[in-house]
Amino acid sequence: MNLPNRITLSRIFMIPVMMVFLLVDLPFLPEPLVWGGVELGWGQLIACIIFIIASCTDGIDGYIARSRNLVTNLGKLMDPLADKLLVSAAFISLVQMDKLAAWMAIVIISREFAVTGLRQIALLDGSVMAAGAGGKIKTVLQIVAIALLLLNNLPFEMWGIPAADIFAWAAVIVTAYTGVDYFVRNRRLLK
C-alpha cells in the first residue's frame, strides 16, 4: 500500500469521525459559539474542519500518485469511492440536520455514484475518464456548499446573504449538468 493509497484510506477513516462530531451530542464540548448573533456548535465546527481536511486529501493523493508514478488500480478504485463516501455522508447528515432538502442530496448522490459506475465501466474497457473542468467546478461548489451549511452560513449570515443556499443550488445544477454531460459524451460505453 503506497502513500497515495494510505492518504485515500485516511479520507475514508475521517468520515465516521466527522459524523460523530456532527450528529452525536457530545457532552464534553463547550457551549456553542455565537458570532454576529449566529449560533454555531463546536461539533459542527470540528466536523467542518475535518470535512475540509478530508476534501484536501483528494487533491494531495492524486498529485502524489501522478508526480511519483504511484498510480495503482487500487487507487483508481478507492479514490473516487472515498470522494463519493465523504460527500454522501456530509449531504445525508445535512438532510438529517434539516439544513438541506432531501431531493437535493438525492440528485447529487445519485449523479456521483452513476458517474463513478460509468468510470468503472471505462476502466474495464481499458480507458480512463479524466475529470473535466465541469467536474472540478462541481467538486468545488459541493465542498463550499457543505462547508457553508455546516457553518450555519457564517460569516454571510451576519449580512443576510444566503450564500449557503446559493452554493447548494449551484452545486445541484452543475452536478446534474455534468452528470448528463458525462453520459452523453461516453454513451459508447453503454452499448
Side-chain angles (χ1 to χ4, degrees), residues 1-24 26 29 41-97 99-100 104-123 128-151 164 167-168 170-172 174-175 178-179 182:
M1 171 124 358
N2 63 26
L3 178 60
N5 289 343
R6 286 196 299 264
I7 293 170
T8 300
L9 270 179
S10 75
R11 184 162 62 256
I12 294 170
F13 289 129
M14 283 188 238
I15 296 168
V17 177
M18 176 187 76
M19 301 290 291
V20 166
F21 279 103
L22 199 53
L23 300 175
V24 177
L26 300 171
L29 292 176
W42 280 97
Q44 280 180 242
L45 179 60
I46 294 167
C48 184
I49 292 167
I50 293 168
F51 172 77
I52 291 169
I53 291 169
S55 296
C56 290
T57 66
D58 181 31
I60 293 168
D61 62 7
Y63 173 77
I64 292 171
R66 287 185 299 277
S67 68
R68 297 184 184 176
N69 199 25
L70 296 172
V71 176
T72 64
N73 287 335
L74 179 62
K76 289 178 190 176
L77 175 70
M78 281 184 16
D79 183 62
L81 182 61
D83 300 341
K84 302 328 169 210
L85 290 171
L86 177 65
V87 168
S88 297
F91 278 122
I92 291 167
S93 298
L94 289 165
V95 169
Q96 181 175 339
M97 297 166 67
K99 293 183 175 289
L100 185 74
M104 294 175 104
I106 290 167
V107 167
I108 290 170
I109 293 167
S110 297
R111 180 270 187 208
E112 294 300 338
F113 282 97
V115 169
T116 298
L118 186 60
R119 280 192 170 140
Q120 298 309 313
I121 292 170
L123 280 176
V128 175
M129 288 175 40
K136 292 176 182 174
I137 292 168
K138 177 255 334 163
T139 300
V140 170
L141 289 171
Q142 288 179 358
I143 291 168
V144 172
I146 290 167
L148 287 172
L149 289 165
L150 290 175
L151 294 174
F167 275 94
V172 168
V174 173
T175 299
T178 57
Y182 265 108

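All residue numbers in this chain count up from 1 along the given sequence.
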Handout entry: Tyr182 side chain to Arg111 side chain, donor-acceptor N/O pair below 3.5 angstrom
Key = no
Exercise for the section: Go through the side-chain N and O atoms of Thr72 and Asn2 and say whether any donor and acceptor fall under 3.5 Å apart. Expected result: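 No, Asn2 and Thr72 have no side-chain donor paired with an acceptor closer than 3.5 Å.
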Practice task
Could you tell me whether the side chain of Gln44 and the main chain of Leu150 form a donor-acceptor pair under 3.5 Å?
Solution key: yes
Practice task
Check step by step if side chain to side chain contact (heavy atoms under 4.5 Å, CB included) holds for Glu112 and Thr175.
Solution key: CA-CA 8 Å; Glu112 294 300 338; Thr175 299; 4.0 Å; yes
Handout entry: Student check: side-chain heavy atoms of Ile143 and Phe51 closer than 4.5 Å
Key =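 Contact flag for Ile143/Phe51 side chains = yes.
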Non-hydrogen atoms of [X] and [Y] that approach each other most closely:
X	Y	result
Leu86	Ala54	CD2-CB, 3.7 Å
Gly43	Leu29	N-CD1, 3.6 Å
Pro4	Leu70	CD-CD1, 3.8 Å
Val174	Gly134	CG1-O, 4.0 Å
Ala82	Ile12	CB-CG1, 3.5 Å
Pro80	Gly75	CD-O, 4.0 Å

Problem - More than 12 heavy atoms from other groups under 6.0 Å of OH on Tyr63 - result: no
Compile the donor-acceptor pairs under 3.5 Å between side chains in residues 88-95 and protein atoms, sequence neighbours left out, one pair per line.
unit_1 : atom_1 : unit_2 : atom_2 : d
Ser88  : OG     : Lys84  : O      : 2.7
Ser93  : OG     : Ala89  : O      : 2.8

Nearest-0.5 Å distance that lies between atom [atom1] in [X] and atom [atom2] in [Y]:
X	Y	atom1	atom2	result
Leu74	Leu77	CG	CG	6.5 Å
Cys56	Asp61	SG	CG	11.5 Å
Thr57	Arg6	OG1	CZ	14.0 Å

Problem - Asp79: which of Asp58, Ile7, Asn5 passes side chain to side chain contact (heavy atoms under 4.5 Å, CB included) - result: Asp58
Problem - Result of checking Ile52, Ile53, Ile46 against Ile50 for side chain to side chain contact (heavy atoms under 4.5 Å, CB included) - result: Ile46
Practice task
Walk me through it: do Val172 and Ile108 pass the test side chain to side chain contact (heavy atoms under 4.5 Å, CB included)?
Solution key: CA-CA 6 Å; Val172 168; Ile108 290 170; 3.7 Å; yes
Exercise for the section: Mind running side chain to side chain contact (heavy atoms under 4.5 Å, CB included) on Leu22 and Gln96 for me, showing each step along the way? Expected result: CA-CA 10 Å; Leu22 199 53; Gln96 181 175 339; over 6 Å; no
Exercise for the section: Tell me, with the steps shown, if Thr8 and Arg11 meet side chain to side chain contact (heavy atoms under 4.5 Å, CB included). Expected result: CA-CA 5 Å; Thr8 300; Arg11 184 162 62 256; 3.8 Å; yes
